[in-house]
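Inspection log for the structure reproduced underneath, given as structure tokens.
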Amino acid sequence: MDTGCCGRKGAHEEMWQTKHWNVQDTVDGSIRKNAMEAAAVWIKKGEVIAFPTETVYGLGANALSDMAVGKVFAAKGRPSDNPLIVHIASQEQLQDVAKTIPSLAQKIIDAFWPGPITIIVPAAPQLATKVTAGLDTVGVRMPAHSIALEFIRLAEVPIAAPSANSSGKPSPTRADHVAHDLDGKITGILDGGVTGVGIESTVVDTTGERAVLLRPGGISKEQLVELLGVIDEDPALTNMNETPKSPGMKYRHYAPSVPVYLVEGGKERLVSKIKTTQADGKRVGVIATEECAAFYRGADALEVIGSRQCLSTIAQGLYSTLRILDEKNIDVIYCETFTQEGIGQAIMNRLKKAANGQII
Ligand code: TXA
Ligand code: MG
């Protein structure tokens, strides 16, 4: 729904009345169409709009305009050395973004696009410098989400978009997460409901002889190995002391304001951590699987994230669980650990970032 005019509230205030458009399936077709068109016009005017993708919500701007992309960095409080992913709606649009398309990239495109995988390719010269943070490569993906694809088509430009959260906070999987972080700082939000995957895209560098996994995500390492035979992994994914090849991976991330700890050693260990921490006068929040939740009844806040039998549900609910616990009156969050297989690698990668590497 359009909530009124978008403009500066006062001459000296850098606050905006953020527009909210409901474009979910339940809304009448012509209302949705009008909202999508209105949002796309703002992109053409160089403004910033949040939109849903199949992974998380993105904060979009015209990828060919430094002025527009600068507003994305400002709204998020994002470090300027962290490049953005460019979103496209067709393979033809790749010509506007990539200087060349390495054969590894083409294989990934053919197998997984549209979908939750970003390829790093040589950057086209017309891209805004701020998008690539001055690198000669760019991350690009075609999202598997009808609203995202329609929005990019209507905007008629490739759309640069990081996740639509304040820098360092968990990525948004619902429009109200975006509003919580960015209301008053951006022009509008397209509300497409809850995102499906829940964790960001996989990022793969395709510029070398072998594909290099820089960030695990919606497409698993096993799927990539099946397609390409062999891939390398950024050593920083397994060794916290290495500098990540993907600039964004070096920051603490996905994190609530209270400390998060990953607790190894099974449920008995976690139960004893709850008791000893409470004995120190601290209030404990726990992220639990269905299988173990009953054991943690003594916690001050308990969030059940799903069954170990269904890791995709755990991925889908992860960020919203971190946000829920962030609103509770607790001093520390303990979380179970997960397998590194399939989407489990991405879940553990994000949890380790949220925990700043604190595994106990
Ligand atoms: O699923 C996603 O990927 C979401 C949705 C909105 O598409 N976007 C997202 O963007 O997660 P962001 O900005 O939160 O993460 C982009 C990651 C960062 O770690 C960044 O450093 C990396 O991609 N990246 C972007 N361009 C790169 C490049 N040229 N070389 C290496 N890493 C790059
Ligand atoms: Mg992000």
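Note that ligands are numbered from 1 as they come in the structure, with each ligand's atoms numbered from 1 the same way. These figures come from a predicted structure and were not determined experimentally.
Summary of contacts: the protein heavy atom closest to atom 30 (N) of ligand 1 is Ile120 CD1, 3.7 Å. From the protein, the heavy atom lying nearest to atom 18 (C) of ligand 1 is Asn82 OD1, 3.8 Å. The shortest contact between atom 13 (O) of ligand 1 and any protein heavy atom is with Arg78 NH2, 2.8 Å. Closest to atom 32 (N) of ligand 1 among all protein heavy atoms lies Ser246 OG, 3.0 Å. For atom 26 (N) of ligand 1, the closest heavy atom belonging to the protein is Pro83 CG, 3.3 Å. Of the protein's non-hydrogen atoms, Ile85 CD1, 3.5 Å is the one closest to atom 16 (C) of ligand 1.
Residues Leu182 and Thr18 form no side-chain contact, since every pair of their non-hydrogen atoms from C-beta on lies 4.5 Å or further apart.
When only interatomic distances are considered, the shortest N/O to N/O separation between Arg141 and ligand 1 falls below 3.5 Å. Not one N or O of Lys76 is nearer than 3.5 Å to an N or O of ligand 1, by distance alone. Where the criterion is an N or O separation shorter than 3.5 Å, residue side chain and backbone included, Ser201 meets it with respect to ligand 1.
If you number the atoms of ligand 1 from 1 as listed, the ones under 4.0 Å from a heavy atom of Gly58 come out as 6 (C). Close approach of ligand 1 to His87 (heavy-atom distance below 4.0 Å) involves ligand atoms 5 (C), 6 (C), 7 (O). Taking every non-hydrogen atom of Ser163 and a distance limit under 4.0 Å, the qualifying atoms of ligand 1 come out as 8 (N), 9 (C), 10 (O), 12 (P), 14 (O). Ligand 1 places these atoms under 4.0 Å from at least one heavy atom of Arg215: 2 (C), 3 (O), 9 (C), 11 (O), 15 (O), 16 (C), 17 (C).
At a threshold of 4.0 Å, the pair Glu336-Lys267 does not count as salt-bridged, since none of the basic side-chain nitrogens sits closer than that to a carboxylate oxygen. Between Asp232 and Arg210 there is a salt bridge, with a side-chain nitrogen of the basic residue lying less than 4.0 Å from a carboxylate oxygen of the acidic one. Taking 4.0 Å as the cut-off between side-chain N and carboxylate O, Lys282 and Asp280 do not count as a salt-bridged pair. In this structure, Glu341 does not pair ionically with Lys221, as no charged nitrogen and carboxylate oxygen lie closer than 4.0 Å. With respect to the salt-bridge test (charged N to carboxylate O, under 4.0 angstrom), the residues Arg141 and Glu54 qualify.
Taking all heavy atoms of Asp205, Thr132, Thr137 into account, the minimum distance to atom 29 (N) of ligand 1 is reached by Thr137.
Heavy-atom distances between Pro247 and ligand 1 reach below 4.0 Å in at least one pair.
Between His87 and Phe51, the ring planes lie perpendicular to each other; the angle is over 60°, past the 30° to 60° tilted range.
Taking 2.8 Å as the threshold, Ser167 does not count as a candidate ligand of the Mg ion (ligand 2), since none of its N, O or S atoms lies below it.
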- Are Met142 and Leu149 close enough, and set up right, to give a side chain to side chain contact (heavy atoms under 4.5 Å, CB included), and what steps lead you there? CA-CA 8 Å; Met142 192 194 296; Leu149 292 173; 3.8 Å; yes

- Criterion side chain to side chain donor-acceptor pair (under 3.5 Å) on Ser201 and Thr118, from CA distance to verdict: CA-CA 6 Å; Ser201 63; Thr118 297; 2.8 Å; yes

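Leu214 and Ile117 fall into different hydrophobic clusters, where Ile, Leu, Val, Met, Phe, Trp and Tyr residues are linked whenever their side-chain heavy atoms come under 4.5 Å apart, directly or through other members.
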